Amino acid sequence: MFNKRVKIKDLLQQDANEQEVTVMGWVRTFRNNQFVALNDGSTNNNLQVVLELGKFDEELLKRITTSASLKVTGIVLPSQGKGQKLEVKATLLEILGDSDAEKYPLQPKKHSLEFLREIAHLRFRTNTYGSVFRLRHALAFAVHKFYNEKGFLYLHTPVITASDAEGAGEMFRVSTLPFDNPPRNEDGTINYKEDFFGKATNLTVSGQLEGELGATAFGEIYTFGPTFRAENSNTARHLAEFWMIEPEMAFCDLEDNMNLAEEFIKYIIRYAMEHNREDLEFLAQRLADEEKQLPQDKRSELGLIEKLEFVVNNEFERITYTEAIDILLQSPAYKKKKFQYDVKWGIDMQSEHERYLVEKHFKKPVIVTNYPAAIKAFYMRQDDGCEPGRETVAAMDILAPGIGEIVGGSQREERLDKLEQRMKEMHVPAEDLWWYLDTRRFGSVPHAGFGLGFERMVQFVTGMGNIRDVIAFPRTPKNCEF
RNA sequence: UCCUCCCUAGCUCAGUUGGUUAGAGCAUCUGACUGUUAAUCAGAGGGUCGCUGGUUCAAGUCCAGCGGGGGGAGCCA
């Protein structure tokens with residue numbers, strides 16, 4: 001019978017009622033041969049278990065080492081010590097699993113995130129990752145809660161896909177062919193007709209195209225699943241396997257799309273702030289301590305919680321691409337030639353430009369809309385009435401301080417002729433996407449959607465600087481451990 | 001993929017112009033103490049200096065290649 005155990009988080013919220021309880025967890029520290037700091041993952045706050053001197057066998061006490069797992073039954077009493085409101089005076093103590101202190105890599109001391117990343121299977125047992133992953137859970141739950149309350153249908157789009165048409169990046173090939181000797185056509189190319197699906201297949205880079213199929217039947221749908229990019233990206237904000245949320249709405253234009261994205265982001269942040277306050281406070285303190293070592297000018301103006309409150313309580317700035325370029329051209333940074341890359345209408349904005357807009361100029365999340373058609377995807381709706389040479393599309397990117405692009409979306413091109421013409425221009429094979437084009441053939445409607453990188457959202461909320469620290473088992477180039 | 005920095009004990013890091021037996025703090029172990037808060041005090045053990053090769057009388061230290069990691073950039077979410 002294990003299910004009679006009390007979660008430490010719940011126990012710590014009770015009064016010291018002198019009742020008997022049973023708790024289970026892992027030892028964080030064992031002080032003075034008397035005090036066990038026990039943690040069960042429900043909170044960073046440890047339960048103090050008191051072992052009265054002489055009551056327990058010496059050999060048993062020796063086995064209470066860092067991360068040994070314990071079952072403790074005892075009486076909940078007001079704590080005589082200072083660090084906690086209550087404690088459990090043990091009457092029964094059972095070691096469920098020993099932990100060899102000489103071999104166990106985690107110690108009751110500060111470890112670097114780089115080291116902990118190498119022991120990702122154990123890092124959940126630290127306060128930092130405990131808070132990060134409880135927050136990740138809260139955010140994921142809030143995503144579903146938000147869309148459910150809005151009447152969106154959760155659509156599971158496929159992980160394996162045959163469409164290579166989206167151009168969102170390099171793809172991972174999925175195949176059961178023998179890679180050392182695959183069947184070949186007469187011209188030497190690989191014969192995918194012999195492959196499992198009878199054609200070349202890959203892991204998905206986006207559920208959007210399938211999402212549009214759902215939206216043009218259910219009205220509003222969202223997807224929330226894993227996404228794969230085989231880019232050789234070695235940065236603190238890229239993963240080869242990450243999670244993305246992609247809502248797609250029929251009868252929806254660019255402005256509706258922006259409104260939803262802004263409301264959505266604020267909702268899930270607010271949910272985390274309400275439900276995981278202690279974890280946020282812990283991470284805020286961690287970040288503040290870390291920044292103490294930085295020079296004054298590199299430190300954040302706002303603490304983590306102040307930053308989130310600011311985002312939740314203020315409107316996102318909304319500007320067009322053209323306005324963004326004008327701001328950059330007028331900026332002191334541009335005039336002093338501080339930018340490494342040149343600024344002019346038509347460029348794809350570089351990180352330094354986006355950072356200037358978000359972190360220096362507006363100091364809040366910014367939604368940039370109506371990008372040049374030439375630098376955006378084929379499915380984005382072409383703006384009407386553009387002057388020649390300045391064609392734009394109804395795209396919108398949300399840029400967040402410290403993270404960069406957190407949302408990318410657009411109103412979709414619902415006019416069949418315009419879509420087909422654009423696909424031709426961009427060499428997207430229309431015959432492979434016949435099913436996508438059918439939505440424009442049969443009852444086409446104005447519709448829009450966006451993708452939100454979930455890990456980047458978790459980074460933003462937790463303040464973690466490296467995306468590898470907000471996903472349980474990060475997949476990056478040359479790294480697929482665990 | 002490019003630029004740049006780093007790799008010394010379980011962890012974090014010192015290690016001088018190349019020079020005898022490579023150090024510290026924390027952790028671990030042993031003992032003491034016992035209402036502690038990353039407990040404290042005393043002692044002990046613990047090293048293929050990332051790997052391979054080169055220069056040299058002599059390499060942790062200099063050079064080259066490879067591997068791994070950090071920061072920045074590109075690609076993007």
Side-chain angles (χ1 to χ4, degrees), chain A residues 27-37 45-54 61-62 65-67 77-84 87 89 99-119 122 126-127 166-170 205-208 226-246 261 298 339-341 348-355 375-377 397-400 403-409 450-460 465-471 476-479 481:
Chain A
V27 175
R28 282 289 173 85
T29 59
F30 183 31
R31 286 184 292 266
N32 222 350
N33 230 16
Q34 241 184 130
F35 304 100
V36 179
N45 297 315
N46 300 322
L47 174 70
Q48 171 149 292
V49 173
V50 183
L51 308 177
E52 213 176 329
L53 286 170
L61 295 182
K62 278 193 178 170
T65 55
T66 306
S67 251
L77 296 171
S79 180
Q80 295 175 39
K82 276 184 183 156
Q84 56 283 317
E87 61 194 21
K89 190 172 181 183
S99 174
D100 186 339
E102 295 209 46
K103 291 180 181 150
Y104 184 66
L106 284 172
Q107 300 145 14
K109 58 164 281 190
K110 200 168 160 48
H111 288 294
S112 68
L113 297 177
E114 291 83 7
F115 169 68
L116 292 169
R117 227 171 273 153
E118 289 170 19
I119 50 166
L122 296 172
T126 65
N127 283 338
E166 219 218 314
E170 291 294 309
V205 293
S206 163
Q208 180 200 315
T227 309
F228 307 88
R229 304 272 167 93
E231 301 285 354
N232 189 9
S233 295
N234 292 288
T235 78
R237 47 186 185 282
H238 287 89
L239 291 164
E241 177 183 301
F242 64 101
W243 288 66
M244 190 154 64
I245 295 137
E246 295 177 289
K298 295 259 171 118
F339 291 133
Q340 193 188 333
Y341 293 87
D348 206 353
M349 275 191 278
Q350 303 293 317
S351 294
E352 58 177 356
H353 304 139
E354 295 181 347
R355 293 180 76 113
I375 57 170
K376 287 290 179 182
D397 284 1
I398 302 186
L399 310 175
I403 308 289
E405 184 179 346
I406 198 163
V407 161
F450 62 85
L452 177 134
F454 185 59
E455 281 75 18
R456 288 188 182 174
M457 191 69 222
V458 181
Q459 274 190 277
F460 185 74
N466 195 311
I467 201 165
R468 298 165 196 205
D469 295 324
V470 299
I471 189 166
T476 53
K478 302 280 184 290
N479 183 359
E481 194 66 50

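Chain letters run A, B, ... following the sequence lines, proteins first and then strands; every chain starts at 1. Everything numeric in this text was worked out from a predicted model, so none of it was measured.
For A:N466, a side-chain nitrogen or oxygen approaches OP1 or OP2 of B:G71 to under 4.0 Å. Applying the 4.0 Å criterion to OP1 and OP2 of B:G70, one finds that A:R468 has a side-chain N or O inside that range.
Atom pair A:I375:CD1 and B:G74:P shows a separation of 14 Å (rounding to whole Å applied). Look at CD on A:E481: it is 13 Å from P on B:G68, rounded to the nearest Å. One atom, CD of A:E170, and another, C1' of B:C76, lie 12 Å apart when rounded to the nearest Å. Separating the CG atom of A:L116 from the P atom of B:G70 is a distance of 13 Å, rounded to the nearest angstrom. Atoms CG (A:D100) and P (B:A27) sit 17 Å apart, rounded to a whole Å. Rounded to an integer number of Å, the gap from CE of A:M349 to C1' of B:C75 is 16 Å. Across the protein-nucleic acid pair, A:Q84 atom CD and B:G35 atom C1' stand 10 Å apart, rounded to whole Å. Per the geometry, NE2 belonging to A:H238 stands 11 Å off P belonging to B:A73, to the nearest Å.
Comparing A:Y341 and A:T476 against RNA chain B, the residue whose closest nucleotide sits nearer the 5' end is A:T476.
Backbone-only engagement by A:T29 is indicated by non-hydrogen atom pairs under 4.0 Å involving sugar-phosphate atoms exclusively. Within 4.0 Å of A:K82, counting heavy atoms only, lies at least one base atom of the nucleic acid. Among the protein residues, A:L106 comes within range of no part of the nucleic acid, since none of its heavy atoms lies under 4.0 Å from any strand. Using a 4.0 Å heavy-atom distance criterion, A:E405 is classed as a sugar-phosphate-only contact. As judged by a 4.0 angstrom heavy-atom cut-off over every strand, A:R28 is placed among residues making no nucleic acid contact. Using a 4.0 Å heavy-atom criterion, one finds that A:F450 contacts no nucleic acid atom at all. Base contact: A:E87 has a heavy atom under 4.0 Å from a base atom. Here A:Q48 lies in heavy-atom contact (under 4.0 Å) with a base.
Two residues are said to be in side-chain contact when any heavy atoms from C-beta on lie closer than 4.5 Å; A:Y104 and A:D100 fail this criterion. In this structure, A:E231 and A:H238 have side chains that are not in contact, with every pair of non-hydrogen atoms separated by 4.5 Å or more. At a threshold of 4.5 Å between non-hydrogen side-chain atoms, the residues A:R117 and A:E114 count as touching. Here the side chains of A:V36 and A:N46 are not in contact, with every heavy-atom distance at 4.5 Å or above. Residues A:L122 and A:P105 have side chains in contact (heavy-atom distance under 4.5 Å, counting atoms from C-beta outward). Residues A:E352 and A:Q340 have side chains in contact (heavy-atom distance under 4.5 Å, counting atoms from C-beta outward). A:F228 has its side chain out of reach of A:V205: every pair of non-hydrogen atoms, C-beta onward, lies at least 4.5 Å apart. Side-chain contact between A:T66 and A:Q107 is absent, with no heavy-atom pair separated by less than 4.5 Å.
By the ring-ring contact (aromatic ring centres under 6.0 Å, His included) test, A:F339 is found to be paired with A:H353, A:Y356, residues two or more places apart in sequence or in another chain being considered. A search for ring-ring contact (aromatic ring centres under 6.0 Å, His included) contacts involving A:F454 returns A:F224, not counting sequence neighbours. Residues that satisfy the side-chain hydrogen bond (donor to acceptor under 3.5 Å, both in side chains) test with A:E52, not counting sequence neighbours, are A:K89.
Of the residues listed (A:D397, A:I398, A:L399), the one engaging A:V407 in a side chain to side chain contact (heavy atoms under 4.5 Å, CB included) is A:I398, and it is the only one.
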Please write out each protein N/O paired with an N/O of nucleotides 8-12 of chain B under 3.5 Å, distance rounded to 0.1 Å.
{"residue": "B:G10", "atom": "N2", "partner": "A:Q107", "partner atom": "OE1", "Å": "2.9"}
{"residue": "B:G10", "atom": "N3", "partner": "A:Q107", "partner atom": "NE2", "Å": "3.2"}
{"residue": "B:C11", "atom": "O2'", "partner": "A:H111", "partner atom": "ND1", "Å": "3.4"}
{"residue": "B:C11", "atom": "O2", "partner": "A:K109", "partner atom": "NZ", "Å": "2.5"}
{"residue": "B:U12", "atom": "OP1", "partner": "A:S112", "partner atom": "OG", "Å": "3.0"}

Dot-bracket encoding per residue of RNA chain B, Watson-Crick/G-U cut-off under 3.5 Å, | denoting interstrand: (((((((..((((.....[...)))).(((((.......))))).....(((((..]....))))))))))))....
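Distance check: A:R28 CZ to A:N45 CG gives 10.0 Å after rounding to the nearest 0.5 Å.
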Sequence-aligned protein contact record of nucleotides 2-7 of chain B, with B where the base is within under 4.0 Å of a protein heavy atom and S where only the sugar-phosphate is: ------
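A:S233 contributes a side-chain N or O that forms a donor-acceptor pair with the base of B:C75 under 3.5 Å.
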